[in-house]
2 protein chains.
Amino acid sequence: MKQLKLSNQLCFPVYALSRLVTSHYQPFLGELDLTYPQYLVMLLLWEHRTMTVKALGQALMLDSGTLTPLLKRLEAKKLIKRTRSTEDERVVNIQLTTAGTALKEQAAGIPQQMQQSLGLSQEEVRGLKNLIEPILHRHDKED
Amino acid sequence: MKQLKLSNQLCFPVYALSRLVTSHYQPFLGELDLTYPQYLVMLLLWEHRTMTVKALGQALMLDSGTLTPLLKRLEAKKLIKRTRSTEDERVVNIQLTTAGTALKEQAAGIPQQMQQSLGLSQEEVRGLKNLIEPILHRHDKED
DNA sequence: TAAAATTAAATTGTGTGCAATTTAAAACCA
DNA sequence: TGGTTTTAAATTGCACACAATTTAATTTTA
């Protein structure tokens, strides 16, 4: 049954690559005392300054079951503040603290260093993005 | 700082795709009462019948910290047997039970159904595999 | 407008991943 | 050979992911 050989599955390379990439972030993120998903949240906040939990969840395809405890940990590190919106008390706004904003400087070199660490060529990066992003967008509405 | 925009990171599409793919397995794997990593172990065992924990770990890039509890769950479901080798008592051999072998029939249709569920073309699947696998092999020795 | 439906987070519980340590066995070697 | 090193799993502890449920607030609608 050829189809059930691991080497014939697409799923496995994608899964393995994801973990490989994440593991290469570790040395760099460790210096900032961030995990990889925490770094993704910080990337969004550095870009937008303030976001709701829902907006973070949509951008990262994560639900509150993952985000709530993660955000509480970022708050405990004093990188963000969580405040319930006054116009709509269901909503929680996430905003950067001064320390959270400052961390951006320390993170500036990471994307560059990562590409080196993974040994990827420009073509590979572009090729992967060009293949993957259309697939993700095709499935955007699913969340 | 353009480099720190989420949309300019390679890491995120890879991470998001991996979770998207895994989530699409869920309805199919749920019928077999398997999680996605458990399914990967079963794929290897269907192919090789018997493997050591170490060999499983090398093939899947997972360590005993992940595999030991996972394998205990598969054993609790009576799909595999875990027996310590007599020649080398450090080694644990994992072998399929009759039920574990039988499950292969039920899994036969999954790869086909998955590609449909994800709406991927042959070109996309081939393109992704061709891009990802060389990257993984380049980093094989790292584990 | 009051009840029903929807929405945003939080909570609960299970199963990974993975770093770090521990345990026990086997291999090495001075 | 006896002590050191290496190796294979297991264990411990922490942080995701995610399904399912709960809670509280807002919208919808009958």
Side-chain angles (χ1 to χ4, degrees), chain A residues 11-12 15-27 29-30 33-42 51-77 80 82-94 142-143, chain B residues 11-12 15-27 29-30 33-42 51-77 80 82-94 142-143:
Chain A
C11 63
F12 178 66
Y15 162 80
L17 179 64
S18 177
R19 288 187 294 120
L20 179 71
V21 169
T22 302
S23 73
H24 277 252
Y25 271 94
Q26 253 321 111
L29 295 182
D33 188 27
L34 290 177
T35 65
Y36 175 68
Q38 288 168 12
Y39 170 69
L40 294 180
V41 168
M42 294 304 287
M51 292 178 82
T52 65
V53 174
K54 180 182 167 60
L56 285 168
Q58 283 173 335
L60 299 175
M61 305 189 203
L62 292 171
D63 67 7
S64 66
T66 301
L67 284 174
T68 296
L70 186 158
L71 293 169
K72 284 182 179 173
R73 283 188 278 273
L74 287 179
E75 189 178 41
K77 292 188 235 192
I80 65 167
R82 297 161 65 245
T83 43
R84 211 160 265 277
S85 162
T86 45
E87 314 100 67
D88 186 339
E89 298 226 341
R90 291 170 303 183
V91 173
V92 169
N93 287 117
I94 307 298
E142 282 174 22
D143 298 302
Chain B
C11 64
F12 177 66
Y15 163 79
L17 179 65
S18 176
R19 288 187 296 119
L20 179 71
V21 170
T22 303
S23 72
H24 276 253
Y25 271 95
Q26 253 321 110
L29 295 182
D33 188 27
L34 289 177
T35 65
Y36 175 67
Q38 288 168 10
Y39 170 70
L40 294 179
V41 168
M42 293 304 287
M51 292 179 82
T52 65
V53 173
K54 180 182 167 60
L56 284 168
Q58 283 173 336
L60 298 176
M61 307 190 201
L62 292 172
D63 68 7
S64 66
T66 300
L67 283 175
T68 297
L70 186 158
L71 293 169
K72 284 182 177 173
R73 282 180 212 110
L74 287 179
E75 188 178 41
K77 292 189 237 195
I80 65 166
R82 297 162 63 247
T83 43
R84 210 161 266 279
S85 161
T86 46
E87 314 100 67
D88 185 340
E89 297 227 339
R90 293 171 300 183
V91 172
V92 169
N93 287 118
I94 307 299
E142 283 174 22
D143 299 301

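Each chain gets a letter, A, B and so on, in the order the sequences are listed, and its residues count up from 1. Basis for what follows: all heavy atoms, side chains included, without hydrogens, waters or symmetry-related copies.
Listed candidates were C:dA26, D:dA19, D:dA9. Nearest to the side chain of B:D88 is C:dA26. The side chain of B:L70 sits closest to C:dT16 out of D:dT11, C:dT16, C:dA8. For B:V53, the side-chain atoms get nearest to D:dA9 when compared with the rest of C:dC18, C:dG17, D:dA9. Closest to the A:K54 side chain, of the nucleotides C:dA9, C:dG15, D:dA17, is C:dA9.
Here A:Y15 reaches the OP1 or OP2 of C:dG17: one of its side-chain N or O atoms lies under 4.0 Å away. Contact between the side-chain N/O atoms of B:Y36 and the OP1/OP2 oxygens of D:dC18 is not found at any separation under 4.0 Å. In this model, the phosphate group of C:dA10 is approached by a side-chain N or O of A:R82 to a distance below 4.0 Å at OP1 or OP2. A close approach under 4.0 Å does not occur between any side-chain nitrogen or oxygen of B:K72 and OP1 or OP2 of C:dT16. Between A:T35 and D:dC16 there is a side-chain N or O to OP1 or OP2 distance below 4.0 Å.
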Derivation of the side-chain contact (heavy atoms from CB on, under 4.5 Å) call for A:V41 and A:M51: CA-CA 10 Å; A:V41 168; A:M51 292 178 82; over 6 Å; no
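One interatomic measurement links the two molecules: OH of B:Y25 to P of C:dT16, which rounds to 16 Å at whole-angstrom precision. A:E89 places its CD atom 13 Å from the C1' atom of D:dT23, with the value rounded to the nearest Å. B:L67 has its CG atom 10 Å from the C1' atom of C:dG17, to the nearest Å. For A:Q38 and D:dC14, the CD to P distance is 14 Å, given to the nearest whole Å. At whole-Å resolution of the value, CG in A:D63 and P in D:dA19 are 7 Å apart. B:E87 has its CD atom 13 Å from the C1' atom of C:dA26, to the nearest Å. Nucleotide C:dA9 holds its C1' atom 14 Å from the CD1 atom of A:I80, rounded to whole Å. Atom CE in A:M42 sits about 13 Å away from atom P in D:dC16, given to the nearest Å.
Donor-acceptor pairing under 3.5 Å, judged by distance alone, is absent between the side chain of A:T68 and the base of C:dA9. Looking at A:S64, its side chain comes within 3.5 Å of the base of C:dA10 through a donor and an acceptor atom.
Looking at heavy-atom distances under 4.0 Å, A:T66 makes contact with a base. Within the nucleic acid shown, B:T52 comes within 4.0 Å of sugar-phosphate atoms alone, with no base atom in reach, counting heavy atoms only. Among the protein residues, B:R73 comes within range of the nucleic acid bases, having at least one heavy atom under 4.0 Å from a base atom. Looking at heavy-atom distances under 4.0 Å, B:Q26 makes no contact with the nucleic acid at all.
Nearer the 5' end of DNA chain D, as judged by each residue's closest nucleotide, is the contact made by B:N93, out of A:P69 and B:N93. Of the residues near DNA chain C, A:V92 and A:R19, the one whose nearest nucleotide (by heavy atom distance) lies more toward the 5' end is A:V92. Ranked by how close their nearest DNA chain C nucleotide is to the 5' end, B:G65 and A:R90 are led by A:R90.
The distance from the CZ atom of B:R73 to the CG atom of B:D33 is 12.0 Å, given to the nearest 0.5 Å. Atom CG of A:L17 and atom OG1 of A:T22 lie 9.0 Å apart (nearest 0.5 Å). How far CG of B:L70 is from CD1 of B:I80: 8.0 Å, rounded to the nearest 0.5 Å.
The aromatic rings of A:Y25 and A:Y39 are tilted relative to each other, their planes meeting at an angle between 30° and 60°.
Looking at residues two or more places apart in sequence or on another chain, you find a salt bridge (charged side-chain N to carboxylate O under 4.0 Å, His left out) between A:E75 and A:R82.
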